[in-house]
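Only heavy atoms go into these numbers, but all of them, side chains included; no hydrogens, no water, no symmetry mates. Computed from a predicted structure; not experimentally measured.
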Amino acid sequence: MAASNDLAHWRGQVFKHLLQVVLLLGFVTAIPSALLAASEAIWSIVALDLLAIGWIGVIWHLRAMPYRWRVWQFLIVAYLVGVGLLLKIGPVSQIYMMLMPVLAALLLGMRPALSTLALTSLTIFLLGLHPDVALQMPGTPDSPVLRALIVALNFLFIAAVLTLSCAFLLRHLEDSSQALSQRNAELRLTATALARLNDMVMIAEVAEVADAPPGPGAVPATRIIFVNDAFERSSGYARAEVLGRSLLFQQGPATDAGELARVAAAMASAQPARVELLNYNKAGKAYWVEAELVPFTDADGRQTHWVAVEREIDERKRSEADIHRLAFYDVLTGLPNRRLLMDRIAHLLAAAPRDQSISALMFIDLDHFKHINDARGHATGDALLRLAGERLAQLMRKADTVARIGGDEFVVLLAHLADDLHGAAHAAAQVAEKIRAAIARDFEIGGQSYHCSASIGVTLLPKAQQQAHDLLREADIAMYRAKAEGRNGIAFFEAAMQADVERRLTLERALARALDMGQLCMHVQPQVDRHGRVTGAELLMRWQQPDGSFIAPGIFIPIAEESGLIVRLGHWALREACRAAKVLAQAGQPVPLSVNVSPAQFRQPDFTARVQAALAEHGTPAGALILELTEGLLIDQRDASLARMRALADLGIRFSIDDFGTGYSSLSYLTSMPLYELKIDKRFIDDTPRDARDKAIVQAILAMARHLGLRVVAEGVETQEQADFLVAHDCDGLQGYLYARPMPLPDFMTWLARQQA
């Protein structure tokens, strides 16, 4: 339909211009012809010329009339003029008769052309019979019919050739026009789609095609000839501003040179390329695109055009950066995390055989950070960690790595310190001392000053057959040695430290096995008043070996606390205390029993339920138990701990503060906790009354407890001098080797019976 419309429009334009030309030529030729005819008194020619010009003028004026009607009117004029001229001038005027079928083919189509061809041929034949039309044909029989037939057939042949040529030409033009119209419609659709795509599209022609083909391996120059709307929106450039520019004109200083080299190589070899580039818009702002470049070649294989389709990937790049940051960097401090640290250590170890240099790994732990974090909140703790990380980073070289691997633990990797162990150790010690001094400076957070120190463990690398995790473990072990030696210090890893760690690991496994197999037991140490009467006893855990020896609690209890076994041990000790209280009650020797409860055990959500279950299991009254807690219990989860203590106190459980005076909490807890007694730690008793300071501390504790109505038990009483001093100052209970060593429950019952007797 579109092709038909285009052809009809074309015919209309041809007819319009034809009328104008005929009118113009008519005035130029017909008027002089009419004047000449009039001078010769050939009035029929004058009338014919004037009639034709006038009729064509009417046709030209009646432009609102249907197209076919006007064309037929024009053809009739041509036919009548031809007939008139044949009658008046003779056979030479046959050419006018040829005009009608040719114009019909051009202006109306095949069928009208064939009809007019037949009409004009028949007219020629009939007019050839007319006596006024002299058809002189020398050498032919003197027969009007034969002569008319020969002339008509020759006219038909020539006119048919011209008419059919025009008709077939127009038929092919119509078919081509239809195909062209369809192709144009597809092109318009494609152009519209390209213009409205969200992806940026650029089409560039290869500049060398117009001049000379680029040589093999040469990067062709390009000139942009098309960009779509999305390109204008994203780049800020108007279409007119980029036409004629290079396809890669948006690249800038931060664009990856490697990616650009890949593009150049692809363009030089006429191969497609997919790359990620950092482009710059008109305002100079950088943005990421994923670009696909596709070449187009001609029949000779020469590059003619390049099409670039680009998609903005800023959001994806940000997501990738976030994922990379989360995967390899600490969220709080922005420092490398454990994963990136281990990767860099591995790279350093891999390069060590070539470099022949010594490096160092430092494990840094902030001393007593938990106290600040718990007392002032996590926001303050996080701020301190960030500041500590900044101080560490400022001390390091670009080749070094500062990482935070969790909590308050940092690791520093010092690369290529020296070529010999002594030089590397000296350099590492200097850096470690700078770190220790930097962390020791007060931290200003929210207008408050906070003091912190660092324990630093150092190990040197590389070592034979060691991997990254081995070195990190060595530095960790050395750090714990620094803590054990008083904190705020530096320790280098030694082989003996590894042996200590392995022994501790062996003990940890053996302790878990002993707990499973019931190899632990509870010993009892009595507490007496000023008159030597037994007023209570403390249950103490013992671990006996198969050879009869014992592992001291001071060795296996810290291991249990570090490994998490302390919770299981505590629950077992609680059940054993209830069982012992029942045995004593059944023997007629009821004595209040004290049992230690670790903070980790006490903070278990089901601790109250476990106490109730242990009491119910053995039928033990709650008043028979005294739970010994440490001062630091309320540092963390204060409200929950107080609520749990009050709930247990309502059951009849009594509480004692063990090792009083050695903790770090405020004395205000004494008025908020439902306490029964205080226990003075053995370290204050050892030098009392000889040491004036310890003597003053003991007196202060006794006086404070008396005013608060709390009972006081002194631990570690070993001499009569200590006992006399404590009794003289109204100490309620005495516990120590002076009276009895810890003993198994049966031996305690025998000892107790003897005391009562």
Apply ring-ring contact (aromatic ring centres under 6.0 Å, His included) to Phe443 and Tyr450, showing your working. CA-CA 5 Å; Phe443 292 91; Tyr450 295 90; 8.9 Å; no
Show your reasoning for whether side-chain contact (heavy atoms from CB on, under 4.5 Å) applies to Met522 and Arg579. CA-CA 11 Å; Met522 300 295 283; Arg579 186 186 67 80; over 6 Å; no
Verdict with supporting geometry, Met645 and Phe655, side-chain contact (heavy atoms from CB on, under 4.5 Å): CA-CA 8 Å; Met645 289 182 69; Phe655 291 97; 3.8 Å; yes
Verdict with supporting geometry, Glu677 and Ser656, side chain to side chain donor-acceptor pair (under 3.5 Å): CA-CA 5 Å; Glu677 71 179 15; Ser656 174; 3.0 Å; yes
Give the intermediate values and the outcome of salt bridge (Lys or Arg N to Asp or Glu O under 4.0 Å) for residues Asp730 and Arg530. CA-CA 8 Å; Asp730 297 326; Arg530 62 192 305 159; 3.2 Å; yes
Could you walk me through whether Trp572 and Met541 pass the side-chain contact (heavy atoms from CB on, under 4.5 Å) test, one step at a time? CA-CA 10 Å; Trp572 172 81; Met541 197 175 297; 3.9 Å; yes
Check step by step if side-chain contact (heavy atoms from CB on, under 4.5 Å) holds for Val431 and Leu395. CA-CA 8 Å; Val431 175; Leu395 293 174; 5.9 Å; no
Given Thr688 and Asp694, is the side chain to side chain donor-acceptor pair (under 3.5 Å) satisfied, shown in steps? CA-CA 6 Å; Thr688 299; Asp694 288 344; 5.1 Å; no
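Rounded to the nearest 0.5 Å, atoms CG (Leu675) and CZ (Arg654) are 13.0 Å apart.
When side chains are defined from C-beta on, Val534 counts as touching Trp751, because their heavy atoms get closer than 4.5 Å. Taking the side chain as every heavy atom from C-beta outward, Phe556 and Leu507 never approach each other to under 4.5 Å. A 4.5 Å side-chain heavy-atom check between Phe607 and Leu627 finds at least one atom pair inside the cut-off. The closest side-chain heavy-atom distance from Tyr480 to Asp365 is not below 4.5 Å.
Checked for salt-bridge contact, Arg386 and Asp382 miss the test: no charged N lies under 4.0 Å from a carboxylate O. Salt bridge Arg711/Asp529: absent, no basic N to carboxylate O contact under 4.0 Å. Under 4.0 Å is where a charged nitrogen must lie from a carboxylate oxygen, and between Glu718 and Lys682 at least one such pair does. Between Asp408 and Lys370 there is no salt bridge, since none of the side-chain N atoms of the basic residue sits less than 4.0 Å from a carboxylate O of the acidic one. A salt bridge is absent between Asp516 and Arg513; no separation between the charged side-chain nitrogens and carboxylate oxygens falls under 4.0 Å.
At least one donor-acceptor pair closer than 3.5 Å links the side chain of Gln525 to the backbone N or O of Ala740. Although no hydrogens or angles enter the test, the distance criterion places no donor-acceptor pair under 3.5 Å between the side chain of Gln735 and the main chain of Val713. Of the possible polar contacts, none joining the Gln755 side chain to the Arg533 backbone as a donor-acceptor pair under 3.5 Å is found. Distance alone, capped at 3.5 Å, places no donor-acceptor pair between the His618 side chain and the Ala614 backbone. The closest donor-acceptor contact from the side chain of Asp470 to the backbone of Gln467 lies under 3.5 Å. Checking side-chain atoms of Arg391 against main-chain N and O of Ala438 turns up a donor-acceptor pair under 3.5 Å.
Taking a 6.0 Å sphere around CZ of Phe602, one finds it holds more than 12 heavy atoms contributed by other residues, nucleotides or ligands. Counting non-hydrogen atoms of neighbouring residues, nucleotides and ligands closer than 6.0 angstrom, the CZ atom of Arg487 exceeds 12 such neighbours. For His426, the NE2 atom counts as loosely surrounded, since its 6.0 Å shell holds 12 or fewer non-hydrogen atoms of other residues, nucleotides or ligands. Under a cut-off of 6.0 angstrom, the local environment of CD in Gln699 is crowded, with over 12 non-hydrogen atoms contributed by other residues, nucleotides or ligands.
Leu335 approaches Gly389 most closely through the heavy-atom pair CD1-CA, 3.8 Å.
Applying the ring pair (Phe, Tyr, Trp, His ring centres under 6.0 Å) criterion to Phe550, with sequence neighbours excluded, gives His523.
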